[in-house]
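One structure is given here, and the rest of the page talks about it.
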There are 2 protein chains.
Amino acid sequence: MPTSNPTTRRKTEQRAAIVDALRKNDRAMTAQELHDLLDSVGLATVYRNLGRLAEDGEIDAIRRPNGETAYRACTAGHHHHLICRNCGLVVELHDCSLDDWGRKIADKHGFVGVEHQAELLGTCEKCANRS
Amino acid sequence: MPTSNPTTRRKTEQRAAIVDALRKNDRAMTAQELHDLLDSVGLATVYRNLGRLAEDGEIDAIRRPNGETAYRACTAGHHHHLICRNCGLVVELHDCSLDDWGRKIADKHGFVGVEHQAELLGTCEKCANRS
DNA sequence: GATCTTATTGATAATGATTCTCGCTTTTAC
DNA sequence: GTAAAAGCGAGAATCATTATCAATAAGATC
Ligand SMILES: [Mn+2]
Ligand SMILES: [Mn+2]
Ligand SMILES: [Zn+2]
Ligand SMILES: [Zn+2]
């Protein structure tokens, strides 16, 4: 078995820089983008911290259509995303009415432990106005 | 610019074999899985045809949590998927009540051209019964 | 403050899915 | 039949992500 997974998290300026960069941005950012921005932080470190922060629920992972994973410093609690497919702007949607929908369908088909995943893709006002 | 993209599609036994394999399976399959199954069809050919078939709307692409893309011969029309996270069984959900939800939220935030994407992940009856 | 333990870092190699190359084969129109 | 072009496939190339591992630094203990 590999080295046991530490439960304690130390404070490092690298992680602080990553969280800070995410907090200052409305868009979701990939590890590569963050590494370009914070050229003092190694690429592997960016990946590691993004993974852990997402694991700890401190940031959200967003899968882009091309397969890359981007991350965003969202507020707490279950929510969904409305994403501009042009500029990447992300709006958090905290009013989720999909639990009923999922539960009903799950029951009908005999599924248990169902969770839903949903996103809205569109063009934001700013991007639409300069087309 | 690269070679212009052909609009005409020729009939080949490779593509037929791929579609046939998908039609015979309730689960979604990756290119690798299909290549293992149909060892007479080259891997690049599997990828090429899956991409085109999805482009043409003849099959559905399903993104797995780990990032791989799997494909399934679904019936026509807009629908969502209820997927067993253990055995991969896929149930098509053709009763979609999410358009209203999406449109309403889009309007509220000034987004246009919004489309939704949603999936349900759970454990199917069969898998739940033998835990 | 010195010292020790070990989480963390980062340059680099490795992985793995997907895409590209390019010469050969097959489909299909004439 | 012939020929133009789509399709094929073995292998090389991409590219995002992960694994290595020696060096560093955070936090605990004295
Ligand atoms: Mn929800
Ligand atoms: Mn729908
Ligand atoms: Zn925008
Ligand atoms: Zn199942």
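Computed from a predicted structure; not experimentally measured. Lettering follows sequence order; numbering is per chain, from 1.
One atom, CZ of R64(B), and another, P of dA17(C), lie 11 Å apart when rounded to the nearest Å. Between the CD atom of E68(A) and the P atom of dT14(D) there is a distance of 17 Å, given to the nearest Å. Put simply, CD1 on I18(B) is 12 Å from C1' on dG9(D), counting in whole angstrom units. Following rounding to the nearest Å, N49(A) (CG) and dT17(D) (P) show an atom-to-atom distance of 15 Å. In this structure, the CZ atom of R9(B) is 6 Å from the P atom of dG7(D), given to the nearest Å. Rounded to a whole Å, the CG atom of N66(B) is 10 Å from the C1' atom of dA17(C). Atom-to-atom, CG of L50(B) to C1' of dG9(D) comes out at 15 Å; the value is rounded to the nearest Å. Rounded to whole Å, the distance from CD on Q14(A) to C1' on dA23(D) is 13 Å.
For the OP1/OP2 pair of dT17(D) and a distance below 4.0 Å, the side-chain nitrogens and oxygens of T69(A) include at least one atom meeting the criterion.
Paired with L34(A) under the rule side-chain contact (heavy atoms from CB on, under 4.5 Å), one option of V46(A), N25(A), V41(A), N49(A) passes, and it is V46(A).
The side chain of R10(A) sits closest to dT5(C) out of dA17(C), dT5(C), dA4(D). Considering only the side chain of Y47(A), dT17(D) comes nearest among dG10(C), dT17(D), dT18(C). Ranking dA16(D), dG10(C), dG9(D) by closeness to the A44(B) side chain, first place goes to dG9(D). Residue T8(B) places its side chain closer to dA6(D) than to any other of dT28(C), dA19(D), dA6(D).
The residue R48(B) sits close to a base: some heavy atom pair falls under 4.0 Å. Across all strands shown, R52(A) has heavy atoms under 4.0 Å from sugar-phosphate atoms exclusively, and none from any base. If you check every strand for non-hydrogen atoms under 4.0 Å, T30(A) touches nothing. At a threshold of 4.0 angstrom between heavy atoms, the contacts of T12(B) are confined to the sugar-phosphate backbone, with no base atom among them.
Between H116(A) and H78(A), the gap from one ring centroid to the other is short of 6.0 Å.
Positionally, the nearest nucleotide of DNA chain C for A31(B) lies more toward the 5' end than for the other of K11(B) and A31(B).
Checking side-chain atoms of E92(B) against main-chain N and O of H79(B) turns up no donor-acceptor pair under 3.5 Å. Counting only distance, with no hydrogens or angles, the side chain of R85(B) and the backbone of G113(A) share a donor-acceptor pair below 3.5 Å.
Residues E119(B) and L82(B) have side chains not in contact (no heavy-atom distance under 4.5 Å, counting atoms from C-beta outward).
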